[in-house]
*Asks:* 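For reference, the structure I am asking about is given below.
Quick caveat: nothing in here was measured; it's all calculated off a predicted structure. Note that ligands are numbered from 1 as they come in the structure, with each ligand's atoms numbered from 1 the same way. In this chain, residues are counted from 1 in sequence order.
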Amino acid sequence: MGMSIEMIKPPAEILYERELRALREEPQGLRPASWLLSPVQVRDFIIGREQPALLDGEQVEITRKFYGNDIQIERAVVTLAGNRGLMLVGDPGTAKTMLSELLSAAISGTSTNTIQGTAGTTEDMIKYSWNYAMLLDKGPSEQALVPAPLYNGMKKGILTRFEEITRCPAEAQDSLISILSDKVLSIPELDGGVLFAKPGFNVIATANVRDKGVNEMSSALKRRFNFETIRPVDNLKMEARIIESQARSLLIHSGIEIEIDTDVVELLATTFMELRTGMTREGYKIDSPQAVMSTAEAVSVYVQSAMTSYYYENKGVSLDRLVQNMLGTIAKENDKDLAVLRTYFSKVVKDRAQEDGIWKEYYREKKWIN
Ligand SMILES: Nc1ncnc2c1ncn2[C@@H]1O[C@H](COP(=O)(O)OP(=O)(O)OP(=O)(O)O)[C@@H](O)[C@H]1O
Ligand SMILES: [Mg+2]
């Protein structure tokens, strides 16, 4: 690649810098004001396309980054060109944050104009605050104003990401209502202070359905968003592909150059999908643990296991490490989940272990679950 990125987790616009640059070089189709790419290109950037793009005479592959409902991606892109905000809701680990980063990087060229919603989020952190030294010295002025992400988005005509919006107190959420309807921010401290949003501004919020009820959103705010529910991956092959590609890039990023073991990936994807859905691939009902069995967790189990095998045994991922790391994910909430996993091994895995192969080896590692 020849690209050295000195960051633990580079933002999407850096990670996919070449793809984005190459797309921007293309003759632009129809696109909303201030957008760096057309809706077609934004979609293609997220779900990939066959035709490579060109950059300085070299071909750049436009890779698929999100696996799921492609029509939903088109809908989400179009929402951002319209008057309402985009709300991505769903179970933990379904790539809501990833999608919101990809959309912002593609449309506005930056994904870091972001409010991180917490129980302590205040209006100041959303709109703007003041540099108090300057405020006392010179009184309220534009120079003394410290912009927060919403102000930035409106001023520059870029997207503002609002992560975990339902975790914020109601007052903080409500401060969005008038801005999303009128696209104007009033700054009462400045004489006649109003900021009109430039075209290109909009809000992408994410919310985790498991957090809901903590601060149920007001219906006034809900009406200002189009909701898209992101569903967990429901296809084993797709899930295995996500685990494989994400694990590969995370390991390379950690400086670990080892092959991804696709048999182990498939085993892991099968276990996660069966436990998540409460159904084996043969169609038998089984118990589901309470712990989140998301694709993101599966990626992290694989990466942890591969790193452990690499550093302690100097070899590729092994099944004992896999099961040991799975325990950390599945059994972190309660002992009942441990029992669910044990039962899974003594029924489902045992059945498959009757034939030689990876399931037989997997079954041997049941010894770690106690
Ligand atoms: N459908 C998918 N396509 C591609 N990658 C996926 C998909 N689902 C999950 N992933 C992987 O899972 C990771 C976790 O995603 P992300 O952090 O965006 O989830 P989230 O929905 O925001 O979770 P949370 O609710 O916990 O914040 C992604 O970075 C990606 O590696
Ligand atoms: Mg998230």
*Asks:* Assess, by modelled atom type and distance only, whether the side chains of Thr295 and Tyr67 contain a donor and an acceptor separated by less than 3.5 Å.
*Replies:*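 No - no donor-acceptor pair under 3.5 Å links their side chains.
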*Asks:* If you group Ile, Leu, Val, Met, Phe, Trp and Tyr by side-chain heavy-atom gaps below 4.5 Å, do Val301 and Leu338 land in one group?
*Replies:*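 Val301 clusters together with Leu338.
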*Asks:* For residues Arg224 and Ser181, is any side-chain donor paired with an opposing acceptor at under 3.5 Å?
*Replies:*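 Looking only at side-chain atoms, Ser181 and Arg224 do form a donor-acceptor pair, the distance falling under 3.5 Å.
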*Asks:* Any chance the side chains of Thr114 and Arg161 put a donor and an acceptor closer than 3.5 Å?
*Replies:*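 Checked: Thr114/Arg161 side chains pair up, N/O donor to acceptor below 3.5 Å.
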*Asks:* Taking the Mg ion (ligand 2) as the center, what protein N, O or S atoms are found at less than 2.8 Å?
*Replies:*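 Listed by chain and number, the nearby protein N, O or S atoms are Thr97 OG1.
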*Asks:* Record the part of Asn208 in heavy-atom contact with ligand 1 below 4.0 Å; permitted values are side chain, backbone, both and neither.
*Replies:*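 Side chain only; the backbone of Asn208 stays clear of ligand 1.
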*Asks:* For ligand 1, which atoms sit closer than 4.0 Å to a heavy atom of Val233?
*Replies:*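 Ligand 1 atoms under the 4.0 Å threshold to Val233: 1 (N).
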*Asks:* Could you find the nearest protein heavy atom to atom 4 (C) of ligand 1 and give me its residue, atom name and distance?
*Replies:*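 Among all protein heavy atoms, the one nearest atom 4 (C) of ligand 1 is Lys65 O, 3.3 Å.
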*Asks:* Same cluster or not: are Trp359 and Val264 linked, directly or through other Ile, Leu, Val, Met, Phe, Trp or Tyr residues, by side-chain heavy atoms under 4.5 angstrom apart?
*Replies:*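 Linked, Trp359 and Val264 end up in one cluster.
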*Asks:* Around atom 3 (N) of ligand 1, find the nearest protein heavy atom and jot down its residue, atom name and distance.
*Replies:*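 Here the nearest protein heavy atom works out to Tyr67 N, 3.0 Å.
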*Asks:* From Asp351 CG over to Tyr284 OH, what is the distance, rounded to the nearest 0.5 angstrom?
*Replies:*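 Rounded to the nearest 0.5 Å, the CG-OH separation comes to 8.0 Å.
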*Asks:* Should the proximity of Thr94 to ligand 1, defined as any heavy atom under 4.0 Å, be assigned to the side chain, the backbone, both, or neither?
*Replies:*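 Answer for Thr94: both.
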*Asks:* As an exercise, identify every atom of ligand 1 less than 4.0 angstrom from a heavy atom of Thr295.
*Replies:*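 Numbered from 1, ligand 1 contributes 9 (C).
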*Asks:* For Asp320 and Ser318, test the side chains for any donor-to-acceptor distance below 3.5 angstrom and give the result as yes or no.
*Replies:*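 Short answer, yes.
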*Asks:* Answer with side chain, backbone, both or neither: which part of Gln246 has a heavy atom less than 4.0 angstrom from an atom of ligand 1?
*Replies:*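 The side chain, only.
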*Asks:* Using distance alone, with no hydrogens and no angle criterion, decide if Thr280 and Glu274 have a side-chain donor and acceptor under 3.5 Å apart.
*Replies:*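 Result is no, nothing qualifies.
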*Asks:* If you compare all heavy atoms of Ala172 against all heavy atoms of Cys168, which two are closest, and at what distance to 0.1 Å?
*Replies:*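 The pair with the smallest heavy-atom distance is CB-CB, 4.1 Å.
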*Asks:* Any atoms of ligand 1 less than 4.0 Å from a non-hydrogen atom of Ala296? List them with their elements.
*Replies:*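 Ligand 1 atoms under the 4.0 Å threshold to Ala296: 12 (O), 13 (C), 14 (C).
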*Asks:* With no hydrogens and no angle check, do the side chains of Glu61 and Thr63 hold a donor and an acceptor under 3.5 Å apart?
*Replies:*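 Thr63 and Glu61 do not have a side-chain donor-acceptor pair below 3.5 Å.
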*Asks:* Looking only at distances, can you tell me whether any N or O atom of Gly68, backbone or side chain, sits closer than 3.5 Å to an N or O atom of ligand 1?
*Replies:*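 In this structure, Gly68 places no N or O atom under 3.5 Å from an N or O of ligand 1.
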*Asks:* Mind checking whether Glu164 has a heavy atom under 4.0 Å from ligand 1?
*Replies:*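 Glu164 counts as a contact of ligand 1 under the 4.0 Å cut-off.
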*Asks:* Is Glu163 close enough to touch ligand 1? Criterion: a residue heavy atom under 4.0 Å from a ligand atom.
*Replies:*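 False for this residue.
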*Asks:* Would you check whether Thr206 reaches within less than 4.0 Å of ligand 1, judged by its heavy atoms?
*Replies:*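 Contact check Thr206 vs ligand 1: negative.
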*Asks:* Please check this pair: side chain of Lys96 against backbone of Asp91, looking for a donor-acceptor N/O pair closer than 3.5 Å.
*Replies:*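 Answer holds: yes.
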*Asks:* Report the member of Ser245, Pro92, Gly93 with the shortest heavy-atom distance to atom 9 (C) of ligand 1.
*Replies:*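 Shortest heavy-atom distance from atom 9 (C) of ligand 1: Gly93.
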*Asks:* Within a strict 4.5 Å, meaning less than it, do heavy atoms of the Leu150 and Val203 side chains meet?
*Replies:*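 Touching, per the 4.5 Å side-chain cut-off.
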*Asks:* Closest non-hydrogen protein atom to atom 29 (O) of ligand 1, residue and atom name please, with distance?
*Replies:*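 Answer, as residue, atom name and distance: Met98 SD, 3.7 Å.
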*Asks:* Among all the protein's non-hydrogen atoms, which is closest to atom 2 (C) of ligand 1, and how far away is it?
*Replies:*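 I find the closest protein heavy atom is Ile242 CD1, 3.4 Å.
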*Asks:* Please determine, by modelled atom types, if Gln28 and Ser38 share a side-chain donor-acceptor pair under 3.5 angstrom.
*Replies:*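 No, because no side-chain N or O of Gln28 sits under 3.5 Å from a partner of the opposite role on Ser38.
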